[in-house]
Amino acid sequence: MGWAAGGTGRNVALIDTDAASGVADSAIEPAVVPLAQLGAAIAEREAGTPRPRWVWSDTEHWYPELLAAGIRIERCHDLRLCHAILHGSVLAAPATLHQGGVESSTWDATNLPAPNAPPPPPHAAAALFDLDDLAPVAAAVEASGDGIDGSEGRAASGAVGSSQASAQREGDPADAHESFAEWHRQMAASTGVPGADRLKLLLAAESAGALIAAEMRAGGLPWRAEVHEQILSDVLGPRPQPGALPERMERAAALTRAALGEPGLHLDSQPRLLRALHRNGVFVESTNRWLLREHTHPAIEPLLEYKKLSRLLSANGWAWLEEWVHDGRFRPTFVPGGVVTGRWASSGGGALQIPKQLRAAVVADPGWALIIADVAQLEPRVLAAMARDRSMAKAGNGTDLYAGIVASGAVDTREHAKLAVLGAMYGATTGESGRLVPQLRRVFPDAMKLVDDAARAGERGDTVTTWLGRSSPPPSPRWHEAQAAATQPDADTADERRARQAARDRGRFTRNFVVQGTAAEWSLCWMADLRLRLDQLGTVGAASGAPRSGAAFSQRPHLAFFLHDEIIVHTPLERVDAAATAVREAAASAGRLLFGGFPVDFPLELRVGHSSDEL
DNA sequence: AGCTGGATTGGG
DNA sequence: AGAACCCAATCCAGCT
């Protein structure tokens with residue numbers, strides 16, 4: 001069975017996508033469930049076999065409340081994220097989604113054309129994570145008026161009463177029918193095209209990522225506030241009164257001001273600080289740490305100390321702790337697909353920039369452990385697999401790809417191997433890295449051809465596409481203007497220089513895009529696969545007490561953190577070994593999902609322990 | 001008062 | 001040390 005859900009009012013409409021398949025949209029009558037009973041309705045269908053794939057407008061909108069009620073779902077299709085992928089992808093059949101003038105990369109139901117794509121063939125939504133998943137569920141939650149009872153099969157249209165409800169119906173992207181129609185369009189766009197399998201895998205992985213992001217926020221990263229506070233007081237001094245600076249900062253500031261002979265100097269103002277430095281004979285262009293370090297004035301050392309402490313205080317000080325850590329959990333907001341390449345972004349809490357200094361605050365609960373796993377040299381391994389470069393893949397057999405590259409004879413030291421590989425992926429042209437790249441090109445021509453081709457495509461203004469089908473954005477109008485200006489008869493050397501510069505910049509972007517984006521896809525598959533494996537390990541002990549926030553994770557191993565190529569799993573001690581095995585197996589599985597039988601290793605550095613500091 | 005862009009520093 | 005790619009968060013300056 002399958003269900004679509006949508007809506008933001010007091011009632012939620014569910015469409016059985018199997019029953020509705022082949023039925024004209026106007027004839028589809030959603031089952032209406034009061035919003036308060038949505039959790040129970042979903043939980044009931046999740047308990048069945050096979051479990052449905054929920055199709056909904058936006059995981060971020062629907063899932064947190066379900067999680068708070070202790071309800072998890074196994075799989076979904078996130079229309080917003082998938083629309084963004086399909087809208088930009090050169091692999092997707094364009095007409096189905098682009099028709100009607102949808103320009104925004106964000107799915108906006110108010111701009112969508114009337115559904116005109118034929119209903120997908122039965123089971124079209126079966127995704128690669130479960131080829132036997134023949135039961136997509138579209139869940140459309142629909143705003144409607146008062147007095148609707150929840151009997152299945154009842155027409156939602158009869159429920160529209162108040163003008164407020166009508167207004168919500170008109171423009172609500174979560175509307176059941178809109179969701180159902182958009183789902184049809186997305187299936188049409190991703191079915192029967194070359195590369196459909198990859199695209200479907202990407203849509204499934206992206207949607208799983210949306211579930212994981214919500215679950216990680218709900219589950220949280222175990223964070224000991226008292227350990228964090230101890231670090232702060234050790235480094236900054238005791239917590240100051242509001243408005244006052246911590247002792248150590250105050251001292252560093254005073255020493256700096258004294259050395260500069262300006263007792264009233266405001267150190268946080270770059271222009272004023274710069275002028276003061278100049279007056280003291282320190283002729284730096286900026287207050288950048290590396291520039292300052294080259295000078296020997298007595299103000300430099302305390303100033304650098306002040307800047308370091310200031311950073312800790314403002315980014316991860318007591319205020320951060322109070323805002324982001326509650327009940328022993330750090331709950332950042334992860335933003336799947338938030339970066340053009342497909343990497344995740346974060347919003348609030350600075351989840352992607354936790355300084356290593358504070359890692360000691362990440363401590364497992366009593367009776368629990370942390371599993372911290374990261375992939376060694378993920379991006380070059382992904383590159384080797386994409387390019388089917390067997391020599392480079394072979395260099396990555398074992399644990400250290402850079403050592404393997406040295407063994408291949410391309411370069412002489414591990415440090416040079418690292419510089420050469422990073423230079424190849426980032427497009428270095430100068431410096432030591434730039435000089436080493438040609439040596440790599442000689443030994444790994446296939447891998448280098450892939451990134452070089454991507455760079456040339458970008459320089460031409462073409463889009464490039466990741467392994468699973470996420471395409472780079474096209475060049476901006478400004479970019480085209482710069483290129484056009486350089487080809488005019490009256491173009492001067494400055495025009496030409498600008499155009500060449502813009503082309504090269506874009507070439508470096510597309511060069512990196514294919515590798516970074518495919519690495520992000522590997523990580524998504526790793527996590528999505530791991531999530532299902534961890535769920536199969538089941539809960540431990542007896543669930544006790546009433547459901548509370550986070551109850552969905554209270555007794556089971558769960559993903560607690562993700563950062564590009566690293567994950568942290570928080571697990572009951574009884575499940576440590578099984579969870580660690582799952583982490584490894586999921587990595588191997590991700591490699592097979594993306595690259596089939598191509599012989600490429602993705603070795604994990606995997607540590608198990610109580611505190612992330614000791615690991 | 002609120003926005004934008006620059007500078008800086010943390011992460012991969 | 002960095003460079004070269006992708007970011008977020010903070011503070012400040014300068015603008016409307």
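Convention: sequence-line order gives letters A, B, ...; per-chain numbering from 1.
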Nearest-angstrom distance from the residue atom [atom1] of [X] to [atom2] of [N]:
X: A:F334; N: C:dC7; atom1: CZ; atom2: P; value: 18 Å
X: A:M448; N: C:dA4; atom1: CE; atom2: C1'; value: 13 Å
X: A:F562; N: C:dC7; atom1: CZ; atom2: P; value: 15 Å
X: A:L563; N: C:dA8; atom1: CG; atom2: P; value: 13 Å
X: A:L422; N: C:dA3; atom1: CG; atom2: C1'; value: 11 Å
X: A:N512; N: C:dA4; atom1: CG; atom2: P; value: 13 Å
X: A:R504; N: C:dA3; atom1: CZ; atom2: P; value: 19 Å
X: A:F513; N: C:dA4; atom1: CZ; atom2: C1'; value: 18 Å

### Task
Could you tell me whether A:F595 and A:W467 have their ring centroids closer than 6.0 angstrom?
yes
### Message
Check the phosphate of C:dC7 against A:H564, side-chain N and O only, distance under 4.0 Å to OP1 or OP2. Yes or no?
### Response
no
So [X], base contact, sugar-phosphate only, or nothing? Heavy-atom distance under 4.0 Å.
X: A:R272; answer: sugar-phosphate
X: A:G427; answer: nothing
X: A:T429; answer: nothing
X: A:L419; answer: base
X: A:E566; answer: nothing

#### Entry: Salt bridge A:D505-A:R498, side-chain N to carboxylate O under 4.0 Å
no
### Message
Closer than 4.0 angstrom, basic N to acidic O: yes or no for A:D462 and A:R460?
### Response
yes
### Message
How about CD on A:E285, more than 12 heavy atoms from neighbouring residues, nucleotides or ligands closer than 6.0 Å, or not?
### Response
no
### Query
Does atom CG of A:N397 have more than 12 heavy-atom neighbours, drawn from other residues, nucleotides or ligands, at distances under 6.0 Å?
yes
Would you indicate whether the side-chain heavy atoms of [Y] and [X] approach each other to under 4.5 Å?
X: A:R248; Y: A:P246; answer: no
X: A:D58; Y: A:D78; answer: yes
X: A:R456; Y: A:D453; answer: yes

### Query
Using a heavy-atom distance cut-off of less than 4.0 Å, which residues of residues 273-291 of chain A contact DNA chain B?
A:S286, A:T287, A:N288, A:R289
### Task
Can you sort out which residues in residues 297-326 of chain A have a heavy atom within less than 4.0 Å of DNA chain B? Ascending by number, please.
A:K307, A:R311
### Message
A:F562 vs A:W526, test: ring-ring contact (aromatic ring centres under 6.0 Å, His included). Steps then yes/no.
### Response
CA-CA 11 Å; A:F562 168 56; A:W526 180 31; 7.7 Å; no
### Query
Cut-off 3.5 Å, side chains only: do A:T518 and A:T466 have a donor facing an acceptor?
no
### Donor + acceptor pair across side chains of A:H564, A:Q516 (<3.5 Å)
no
Consider the side chain of [X], meaning its heavy atoms from C-beta on, and name the nucleotide among [options] that approaches it most closely.
X: A:S346; options: C:dC12, C:dC7, C:dA9; result: C:dA9
X: A:Y426; options: C:dA13, C:dC6, C:dA4; result: C:dA4
X: A:V340; options: C:dC6, C:dA1, C:dA13; result: C:dC6

### Query
Hey, what do you get for CD1 (A:I371) to CZ (A:R607), rounding to the nearest 0.5 Å?
12.0 Å
## Note on the structure
Those residues at least two apart in sequence (or on a different chain) that pass salt bridge (Lys or Arg N to Asp or Glu O under 4.0 Å) with A:R435 are none
### Task
Apply salt bridge (Lys or Arg N to Asp or Glu O under 4.0 Å) to A:D400 and list each qualifying residue two or more places apart in sequence or on a separate chain.
A:R414
### Query
What are the 5'-most and 3'-most nucleotides of DNA chain B lying under 4.0 Å from any heavy atom of chain A?
B:dT8 to B:dG12
### Message
Nearest heavy atom decides the nucleotide; on that basis, is A:F509 or A:P271 closer to the 5' end of DNA chain C?
### Response
A:F509
### Message
Between A:T341 and A:G349, which residue's closest nucleotide on DNA chain C lies nearer the 5′ terminus?
### Response
A:T341
## Note on the structure
Here DNA chain C, pairs taken as Watson-Crick or G-U under 3.5 Å and shown with ( ), [ ] when crossing and | when to another strand, reads ....||||||||||||
### Query
What orientation do A:F330 and A:W320 show, parallel under 30°, tilted 30 to 60°, or perpendicular over 60°?
tilted
